[in-house]
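To start, the structure itself, in structure tokens.
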Amino acid sequence: MTRRYCFVLLAAACATSPAAQKKEPEVAGKSIETTDLDRAADPCNDFFEFSNGAWRAANPIPPSMQRWSRRWQAGEVNKERLRDILEELSKGHWPQGSIEQQVGDHYASCMDQAAVDAAGVKPLAPLFAEIDAIQNAADVQKVIRHLHDLQVPVPFAFASFTDQHQPTRTIAIVLASGLGLPDRDYYVKTEPRFVEAREKYRAHVQRALEIAGRPDPRGSMDAIFALETRLAQSSLDNVALRNPYNTDHLMPFAELQKSSPHVDWNAYFDAAHLPHGDVNLAEPKFIEEVDRELQTLPIPAWRAYLSWQLLESASPWLAKPFEDEWFAFNQTYLNGVKEMKPRSTRCAENADALLGEALGRKYVERYFPPAAKARMMELVHNELAALKEIIQGLPWMGPETKKKALEKLATFNPKIGYPDRWKDYSSVKISRTSLWDNEEAGRRFNVDDDRAQIGKPTDRGRWGMTPPTSNAYYNPLLNEIVFPAGILQPPTFDLANVDAVNYGAIGVIIGHEISHGFDDQGAQFDAEGRLQNWWTEKDLQEFQKRAQCVVDQFEGYFIEPGIHHNGKLVLGESIGDLAGAKIAYRAYLKSLEGKPRPPDVDGFTPEQQFFIAWGQARGDAIRPETQRLMVQSDPHPIAKYRVIGPLSNIPEFGQAFSCKQDSQMVRTPRCEVW
Ligand SMILES: [Zn+2]
């Protein structure tokens, strides 16, 4: 098939070129990737295989990746772009404190493997000395404060938080944290895969402590593991954490102090220069356990635990033996990844994590055309309009709830590309001499930048992702949908795409993020971002009944014998995909009104192109280890079921491909939430 890759803006010029007049003059843009299709598969039985099976067969997962698809490939291309920017800047001479100097010198220090290796574990020596000098619970807490300054959130975490009862202000939140395994279930569940993970983790802790020359690695490991197990036993599991009421404990400072009398909250807040204002204590039972440990845990066990957690957090940026040990457990064992990415890529990732908006500004200057923002705005508005119609037509929802839902829809705030106001990094001291010093400086900046929000009116301009990130999010407290520049590129979005593909790919993602405002979590927040019920009792029951259908559907999706998805854990994402596909499809059909019907591509109708675009944008290949980790800890289903799950519930999909009623891709009864 001949495809043309004209930019939409230049479509007229393309269409008049002699070549275009001969072949498919009517295709004004790039459509689906027909070479990615597995034509041996029946789209009505396994649409995941049909839509991208040939691509996956021809493109095995690279040894350094957990998952692989055209979209993951694009995410890695972003990192190559960052690397190119960094390499260029690292060669120049820039004024001290300029963005160019900071990101360039950070990159130079990161790429200097010889200097990093020569330093060994020495960069941590001052902190280890402080830990070794701990004599009592007050000393323990002083070290905890210093570790928090460096983004080592143990044994609890502390951050700024939009008050979910009064979202115009920002307060402090105290969260459960402090575990080395991916989540609390890994410490308490008895299935063989968890038992094995515990054994591997214990060996990893002991080895890392040995390499670092810490005292009594074996005994330390036992004490660390016992403490983390008790912390895990006092933590909520992933499903409980999805219910915002389970982590909603707003209290004045004095009550926080009363909840955990042996934690010196005065010292903590004072050291961070924070007002003694209201706090959300997310998991009171967890903090009670921390309070108990401060009274009972022997000092050598505290020293072991704090030095272990510091070491684990720092290891990716220390000498090779530490980096290798960290990688072997966290990437190879837990995710099945065979080898590290090139150092240049890891350094670019590190710069993105530490100096994200400084580097992101450079990325946006080069790679994000203003026209992309305008086109995205148009897509978002068309989809908000489509959901408005859907809500107005819902047969099961009463007028009172509909009114509230439409109010919420009307206040959605789309953010596209990059922040209107950039963070000011001029205070961050970066030099070429020590990667760890730069790491500390960057971490301190990010912690301070976050804490500085506490006690202030909520700043609605802040972003939770950096511009080059290939991802998107919804924040219920600000009722905002956010699309960084990094995701607004092929295969998810392209100014050159035909509408079927832009609506089928980024359009479904936009619909997905909008729908998060109305999923099992989002639907509990009102138009102003307050955690406040706006549903009538009857409508809420109808909503929950429909959500249960999706829970049951995903409980039936197995990744291997005996291991299936946790329907409640993936409910929000699955409602998002189901409603998102429906919204985007409706918006696409509406966009065609009054225009000539777009042409078929290689025999595929515009409707079929829309669904194939979703299969191609969403589908990926995944390692079995990563798949296991996701099913346990990730609220997202694996990509295969993010293609099959929603589409098999949408009658328009079956119609587009003329599927028979007994096809795998036609569910009866089908789930429909929105
Ligand atoms: Zn989502």
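In this chain, numbering begins with 1 at the start of the sequence shown. Remember, predicted model here, so these are calculated numbers, not experimental data.
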Is a salt bridge present between D620 and R71, judged by a nitrogen-to-oxygen distance below 4.0 Å? no
Salt bridge (Lys or Arg N to Asp or Glu O under 4.0 Å) involving D424 - partner list, sequence neighbours excluded: none
Specify the closest pair of heavy atoms between G360 and P467, including all atoms of both residues, with the distance to one decimal. CA-CG, 4.0 Å
Closest approach of I612 and I32, non-hydrogen atoms and distance? CG2-CG2, 3.7 Å
D602 and R39: salt bridge (charged side-chain N to carboxylate O under 4.0 Å, His left out), yes or no, with the steps? CA-CA 12 Å; D602 206 15; R39 292 171 195 263; 2.8 Å; yes
What heavy-atom pair brings W463 and F483 nearest, and what distance separates the two atoms? CH2-O, 4.1 Å
Answer yes or no: is there a donor N or O on one side and an acceptor on the other, between the side chain of Q102 and the main chain of I430, under 3.5 Å? no
K582 and E672: CA distance, side-chain angles, deciding distance, salt bridge (charged side-chain N to carboxylate O under 4.0 Å, His left out) verdict: CA-CA 10 Å; K582 191 172 157 183; E672 183 171 42; 2.4 Å; yes
Hey, what's the ring geometry for H512 with H636, parallel, tilted or perpendicular (30° and 60° as the breaks)? parallel
Does a donor on one side chain and an acceptor on the other come within less than 3.5 Å for T162 and T458? no
How many angstroms lie between atom CZ of R618 and atom CZ of F48, to the nearest 0.5 angstrom? 11.0 Å
Hey, does the Lys NZ or Arg CZ of K373 hover above the aromatic six-ring of Y418, less than 6.0 Å from the centre and inside 45° of the axis? yes
Can you tell me how the ring of F653 sits relative to the ring of F47, calling it parallel under 30°, perpendicular over 60° and tilted otherwise? perpendicular
Specify whether F611 and Y585 have parallel, tilted or perpendicular ring planes, treating 30° as the upper limit for parallel and 60° as the lower limit for perpendicular. parallel
What residues form a salt bridge (Lys or Arg N to Asp or Glu O under 4.0 Å) with D352, not counting sequence neighbours? none
Any donor and acceptor pair, going by atom type alone, linking the side chain of S515 with main-chain N or O of G511 inside 3.5 Å? yes
Whether the N78 and Y363 side chains hold a donor-acceptor pair (N or O, under 3.5 Å, no angle test) is what I'd like checked. yes
Q521 and P244: which non-hydrogen atoms are nearest, and at how many Å? CG-CD, 4.4 Å
T605 and D600: side chain donor to acceptor below 3.5 Å: no
When you check the side-chain N and O atoms of E87 and Y107, is any donor under 3.5 Å from an acceptor? yes
Heavy-atom closest pair, residues S160 and T170: CB-CG2, 3.8 Å
Evaluate salt bridge (charged side-chain N to carboxylate O under 4.0 Å, His left out) for D526 paired with K408, printing each intermediate quantity in order. CA-CA 6 Å; D526 71 6; K408 177 162 180 170; over 6 Å; no
Tested for side-chain hydrogen bond (donor to acceptor under 3.5 Å, both in side chains) against Q66, the lone hit among Q331, Q627, R623, E625 is Q331
